[in-house]
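Residue indices begin at 1 and follow the sequence shown.
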Amino acid sequence: MTKIDFGGVVEDVTTREEFSLEKAREILKPETVAILGYGVQGPGQALNLRDNGIDVIIGQREGGASWDKAVADGFVPGKTLLPIEEAARKGTVIQFLLSDAGQVATWPMVKKCLNDGDALYFSHGFSIVYKEQTGIIPPENVDVILVAPKGSGRTVRTNFLDGSGINSSYAIHQDATGRARERTIALGIAIGSGYLFPTTFQSEVYSDLTGERGVLIGCLAGVMEAQYNLLREHGHSPSEAFNETVEELTQSLIRLVGENGMDWMMANCSTTAQRGALDWAPRFRDAVKPVFDELYEKVTSGAETKRVLEKNSAPDYREKLEKELDAIHTSEMWTAGRAVRALRPENQTS
């Protein structure tokens with residue numbers, strides 16, 4: 001492992017240079033990796049593993065859109081694309097990548113398919129940490145491991161294809177074989193991780209649930225909407241409001257932040273923008289702190305996961321979800337966004 005100083009806190013990380021793909025292939029050579037679920041994380045991880053020479057099979061409910069997607073991606077029904085139970089029986093590494101609610105529903109069947117020395121792999125700590133709600137308690141004779149890419153399943157694949165990789169956390173909940181760590185790191189490298197940093201199942205799920213409800217999606221969406229609506233209320237056009245709220249952020253500023261950091265951005269913007277940002281950043285920080293405190297408490301207490309499982313398991317969940325998503329899709333803000341994106345130079349036809 002490599003020791004990295006993160007602002008005075010030293011952490012151990014594992015890079016592709018010190019744990020090579022060749023080493024990962026050697027460790028995984030006797031394994032059959034069964035990926036259960038071909039929805040969000042499944043495709044990216046499966047395709048990267050396959051491209052890296054790992055023996056991969058997919059377990060997916062037949063007849064749905066995800067089954068058809070797996071076929072389109074080159075997995076062969078009856079050979080490398082199987083019903084969930086059959087894939088689980090054949091795998092020595094079971095990558096449990098169904099939705100959290102899907103994991104709860106299929107766990108009794110999957111548990112029966114686990115053999116002595118198998119590895120049960122997660123990309124989210126949800127099912128293990130909230131076992132009182134999910135009922136997912138693995139048998140003692142299997143490794144229970146986690147590799148959690150810090151990005152969407154789509155990014156796992158696109159970053160792999162462009163050679164950049166994606167950072168991932170990893171954890172070992174149960175080491176039944178004495179080989180859990182090397183299996184975990186090998187799988188992390190083989191799915192295309194740029195580097196891996198250690199965590200625990202609990203720490204991963206607490207940070208992940210907070211992050212996706214906070215800065216990564218929920219907070220970002222809410223703050224964007226608040227600023228857009230404010231500008232529109234004061235007479236600014238949809239184009240102006242959207243450009244000042246979203247387009248400039250996503251097409252320019254956030255890329256520079258990603259490359260150089262917010263400290264660099266603060267030091268390199270106009271003096272007017274700099275003064276305003278320095279003055280107002282603490283105001284926003286202090287204003288949202290109580291919301292984040294409430295969010296983190298709901299995550300750690302299990303209240304948030306209880307709501308997720310109840311909502312996502314309801315028989316009419318898909319219908320209600322489509323209505324919620326459609327309300328966002330048809331809102332003026334994101335209708336304006338589609339118009340603005342169409343006007344980008346790369347989308348213009350000559």
Could you list who else is in Ile217's hydrophobic cluster, with ILVMFWY side chains joined at under 4.5 Å, directly or through other members? Leu216
So, using ring-ring contact (aromatic ring centres under 6.0 Å, His included) as the criterion, who are the partners of Tyr130 when residues are at least two apart? Phe126
Could you name each residue pair satisfying ring pair (Phe, Tyr, Trp, His ring centres under 6.0 Å) that touches residues 29-54, not counting sequence neighbours? Tyr38-Phe75
Listed by chain and number, what are the side chain to side chain donor-acceptor pair (under 3.5 Å) partners of Thr158, not counting sequence neighbours? none
Residues forming a salt bridge (charged side-chain N to carboxylate O under 4.0 Å, His left out) with Lys112, sequence neighbours excluded: none
Results of side chain to side chain donor-acceptor pair (under 3.5 Å) for Ser123 - residues two or more places apart only: Gln45
Sorted by first residue and then second, give each ring pair (Phe, Tyr, Trp, His ring centres under 6.0 Å) pair with at least one member in residues 241-269; sequence neighbours left out. Phe242-Trp334
How many angstroms lie between atom CD of Gln41 and atom OG1 of Thr155, to the nearest 0.5 angstrom? 9.0 Å
Rounded to the nearest 0.5 Å, how far does NZ of Lys69 lie from CD of Gln60? 11.5 Å
Indicate whether the side chain of Ser169 and that of Thr199 have a donor and an acceptor atom separated by less than 3.5 Å. no
Going by atom types alone, do Thr184 and Arg181 pair a side-chain donor with an acceptor below 3.5 Å? no
Salt bridge (charged side-chain N to carboxylate O under 4.0 Å, His left out) partners of Arg275, counting only residues at least two apart: Asp279
All side chain to side chain donor-acceptor pair (under 3.5 Å) counterparts of Asp12, not counting sequence neighbours: Lys3
Ser301: what forms a side chain to side chain contact (heavy atoms under 4.5 Å, CB included) with it, not counting sequence neighbours? Glu297, Ala303
Any pair with a residue in residues 131-170 that passes ring pair (Phe, Tyr, Trp, His ring centres under 6.0 Å), sequence neighbours left out, goes on the list, sorted by first then second residue, please. none
Sequence neighbours excluded, the answer for side chain to side chain donor-acceptor pair (under 3.5 Å) partners of Thr177 is Asp143
Please check if atom CD in Glu225 has more than 12 non-hydrogen atoms from other residues, nucleotides or ligands closer than 6.0 Å. no
I'd like to know whether CZ of Arg318 has more than 12 heavy-atom contacts from other residues, nucleotides or ligands below 6.0 angstrom. no
